[in-house]
Amino acid sequence: MRMSKLVGRRIKEDPKDSVTPSHKLLVRGGYIRMVSTGIYSLLPMAKRIITKIENIIREEMNSIEGQEVLLPVALPAELWEESGRYDSVGDELLRFEDRSGKKMLLGMTHEEAVVHLVRTEVSSYKQLPIMVYQIQTKYRDEARPRAGLIRVREFTMKDGYSFHDSQESLDEYYKKAHEAYVRIFDRIGMKDVISIESNSGMMGGSLSHEFMAIAECGEDTLFVSPDGTYRANREIACADIKFTKEDECELEKVHTPEKKSIEDVSEFLKLKPENTGKVVFYVDIVGNLIVAMIRGDFEVNESKLKNHLGLNSLEFADDELIKAVGAEPGYASPMAINSDKVKIIIDRSVAESSNLVVGANEKDYHYKNFNIGRDLKDVSFEVVDIATVRNGDPCPKTGEPLQEKRGIEVGNIFQLGTKYSEAMGCNFLNQNGKAQPMIMGCYGIGVGRAMASVVEQSHDKWGPIWPMAIAPYHVHICALNPKKEGVKDAAEKLYLEMMNENIEVLYDDRGEKAGPMFSEADLIGIPLRIIISPKTVPENKVEFKIRGEKDSVLIEQDAIIDKVKDIIKGD
RNA sequence: CGGGGUGUAGCGCAGCUUGGUAGCGCGCCUGCUUUGGGAGCAGGAAGUCGUAGGUUCAAAUCCUAUCACCCCGACCA
């Protein structure tokens, strides 16, 4: 490709309001352009990268017997009504009507569509297991797109769905899919990606893993043990904290005027936050009150609480509701709360500690020396781990301090079970001729997000450093001073020879000065650079430089093609 | 959905307080000089100042409404 004709200009300045490296560099390098919030056009070089990522994914999916299909983007609402998700999914599902008033939607995920396909095409245990996948546009009406391609409304996703006649079959395939994912991210050239246990969320089902590209700008927080054996999303992560019981002291009421927060109370009483207990009030969607109690030095993990209660949403309760059950906001404790009306969940940290300071359910008063076994005898409650793990808390597997990291979710795999097949009648006949719902797994990868994640992990201050496997071009030829004797001829000749050898080459034929030409080459980030200039043409040599390395080397013109081919092959 | 902020040339911005010829840098076009890490000179094209009302002799500037976008939070298969 001649750079003089390449669509996609380089931009010197960072785009307004961009924050993350991948956003800045992909825009500045002429890879992506925003059309509307969270909606981007991919320019030719980005399209080349995306195609390469897709092909790697395709090869690996095919290697685990995946069959590629293409399901519709626009779907009838009735399909989603069958699964129940037309109503249960929020505003991120874009709903609309066609000309006749028929309810439609844009697919944000394709369980319904794939079940529609498989339930009519597959009917016998003899055909199972199968996996179908597609690489296709998804639309999600995200509340807040951000960070360039990291969170967008319209994006390309590989989504695969497997169908099984038994849990064992799903387990076996799930493992193979996990291995395929590891290979995919390795081949794409992502440097630091780990799979973690994750929360299944609205997808339903049980076992799930997220593949996280470790990056500063990641939206998820995860905890990893130093040896890597424990890896979990903060939404579900647990820590094995050893609490110690002490001798119980007398319950003592103390005056704590205007001291509502844990900080204020512990400072006022000259205690540490871990000597206190705090109470958080939630309401579920139908208005039931939930009282969560945790030691003052921890935070309630709402997703763990939701998972325990089997709820999709929880909100903080307002003061009216809190007072209605006999508690005093700011001075609340589960003592004397009417436990018929509310569900009381107590974290381990409270159950296994002694002599805590808790509210007295009376303005400006707290109790010292609260002990759950003695002071909560008349109240029914459950003890559950609802604590948010903190950096350095002991790992539940190894006991070593957990490390907190940020990650971009670039892929995930779920065991869906029979949630969709049961709701939508996706059955097969077993060996006894009896109908049974198929057991499903699903497997997603965000393609554009993967590209952005590679940039997050592989760039310097001048631009991206593309891994060879997905680089838009292998080689960038810079013809410096092409008007001088022989330079243009040598560059053109090399360009054509490389094309003949099927080397993917971008050729800067514009005659720019060295400064702009090199800066733009860095900003584009192609792995290999060849500089042809009046300095080296008379000696029949070229300069050769690897992106990300500091110095260039001189190489005979005759030898450069073989050299380049070796590097491309070896990478 | 809550809080904060921004809309002026392709990009980045100034001008607005105190109304009076729409500006700067980069980029783009032409010519000459220059050519190893973002060159110089000369000339040129390009903006209904987000949109709609209003006030005024006169509005980018004042008033009202509205839309779009960004950041933080809530939410997020």
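Numbers restart at 1 for each chain; the letters A, B, ... are given by sequence-line order, proteins then strands.
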Let's test this: given Watson-Crick or G-U wobble pairing with both distances under 3.5 Å, identify the partner of [N].
N	answer
B:G53	B:C63
B:G36	none
B:U6	B:A68
B:C16	none
B:C76	none
B:G25	B:C11
B:U48	none
B:G31	B:C41

Rounded distance in Å between the [atom1] positions of [N] and [M]:
N	M	atom1	answer
B:U48	B:U61	P	16 Å
B:A68	B:C32	P	50 Å
B:C75	B:C67	C1'	24 Å
B:C62	B:G19	C1'	8 Å
B:A39	B:A58	P	49 Å
B:U66	B:C71	C1'	22 Å
B:A74	B:C29	P	47 Å
B:C13	B:C76	P	33 Å

Could you state the [atom1]-[atom2] distance from [X] to [N], rounded to the nearest angstrom?
X	N	atom1	atom2	result
A:Met108	B:C75	CE	P	16 Å
A:Arg10	B:C28	CZ	P	10 Å
A:Glu409	B:C75	CD	C1'	15 Å
A:Arg449	B:C76	CZ	P	14 Å
A:Leu523	B:C26	CG	C1'	15 Å
A:Glu219	B:C72	CD	C1'	13 Å
A:Glu142	B:C75	CD	C1'	9 Å
A:Tyr282	B:A74	OH	P	12 Å

- With sequence neighbours left out, write down each residue that passes side-chain contact (heavy atoms from CB on, under 4.5 Å) with A:Asp509, or none if nothing qualifies.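 Per chain and number, A:Asp509 pairs via side-chain contact (heavy atoms from CB on, under 4.5 Å) with A:Arg2, A:Met3, A:Ser4, A:Tyr507.
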- Message: Quick check on B:A74: is either OP1 or OP2 less than 4.0 Å from any side-chain nitrogen or oxygen of A:Arg144?
- Response: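 Checking B:A74 against A:Arg144, no side-chain N or O comes under 4.0 Å of OP1 or OP2.
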- Message: With a cut-off of less than 4.0 Å, is there a side-chain N or O of A:Ser36 near OP1 or OP2 of B:C69?
- Response: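 Affirmative; the distance criterion is met.
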- Residues A:Glu219 and A:Arg406 bridged, charged N to O under 4.0 Å: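 Salt bridge flag = no for A:Arg406 with A:Glu219.
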- Query: Can you give one letter per nucleotide of nucleotides 3-13 of chain B, 5' to 3': B if a protein heavy atom sits under 4.0 Å from the base, S if only from the sugar-phosphate, - if neither?
  - Reply: ---S----BSS
- Take nucleotides 32-37 of chain B nucleotide by nucleotide from the 5' end and write B, S or -, depending on whether a protein heavy atom sits under 4.0 Å from the base, only from the sugar-phosphate, or from neither. ---BBB
- Query: According to the interplanar angle, ranging from 0 to 90°, do the rings of A:His178 and A:His209 count as parallel (below 30°), tilted (30 to 60°) or perpendicular (above 60°)?
  - Reply: perpendicular
- Is the backbone of A:Asn481 close enough, under 3.5 Å, to the side chain of A:Lys513 for a donor and an acceptor to pair up by distance? no
- Task: Please tell me which of A:Pro145 and A:Lys138 maps to the more 5' nucleotide of RNA chain B, matching each residue to the nucleotide holding its nearest heavy atom.
- Result: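 That would be A:Pro145.
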- Message: If you assign A:Gly444 and A:Val19 each to the RNA chain B nucleotide with the nearest heavy atom, which residue ends up on the more 5' nucleotide?
- Response: A:Val19
- Item | A:Ile524 versus A:Trp466, closest heavy-atom pair with distance | O-NE1, 3.1 Å
- Query: Which heavy atom in A:Val410 sits nearest to a heavy atom in A:Ala450, and how many Å separate them?
  - Reply: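 So the two residues come closest at CG1-CA, 4.1 Å.
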- Query: At what distance, to the nearest 0.5 angstrom, does CH2 of A:Trp80 lie from CG of A:Leu105?
  - Reply: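 Going from CH2 on A:Trp80 over to CG on A:Leu105, the span is 6.0 Å.
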- Strictly under 6.0 Å, is that where the ring centroids of A:Tyr161 and A:His110 end up?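 So the answer is no for these two rings.
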- For the ring pair A:Phe185 and A:Phe211, is the centre-to-centre distance below 6.0 Å? yes
- Have A:Ser162 and A:Tyr443 got a donor and an acceptor in their side chains that come within less than 3.5 Å? yes
- Query: Across the strands shown, which category fits A:Met517 at heavy-atom distances under 4.0 angstrom: base, sugar-phosphate, nothing?
  - Reply: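 Contact class for A:Met517: none.
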- Query: Base, sugar-phosphate, or nothing: which does A:Phe155 touch, judged by heavy atoms less than 4.0 Å apart?
  - Reply: base
- Task: Check each of A:Asn391, A:Leu222, A:Val389, A:Val224 against A:Glu404 using the side chain to side chain contact (heavy atoms under 4.5 Å, CB included) test, and report the only one that passes.
- Result: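 When side chain to side chain contact (heavy atoms under 4.5 Å, CB included) is applied between A:Glu404 and each of A:Asn391, A:Leu222, A:Val389, A:Val224, only A:Asn391 qualifies.
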- For A:Glu543, which of A:Ile531, A:Asp551, A:Leu480, A:Ile560 qualifies under side chain to side chain contact (heavy atoms under 4.5 Å, CB included)?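 Output: one option passes, namely A:Ile531.
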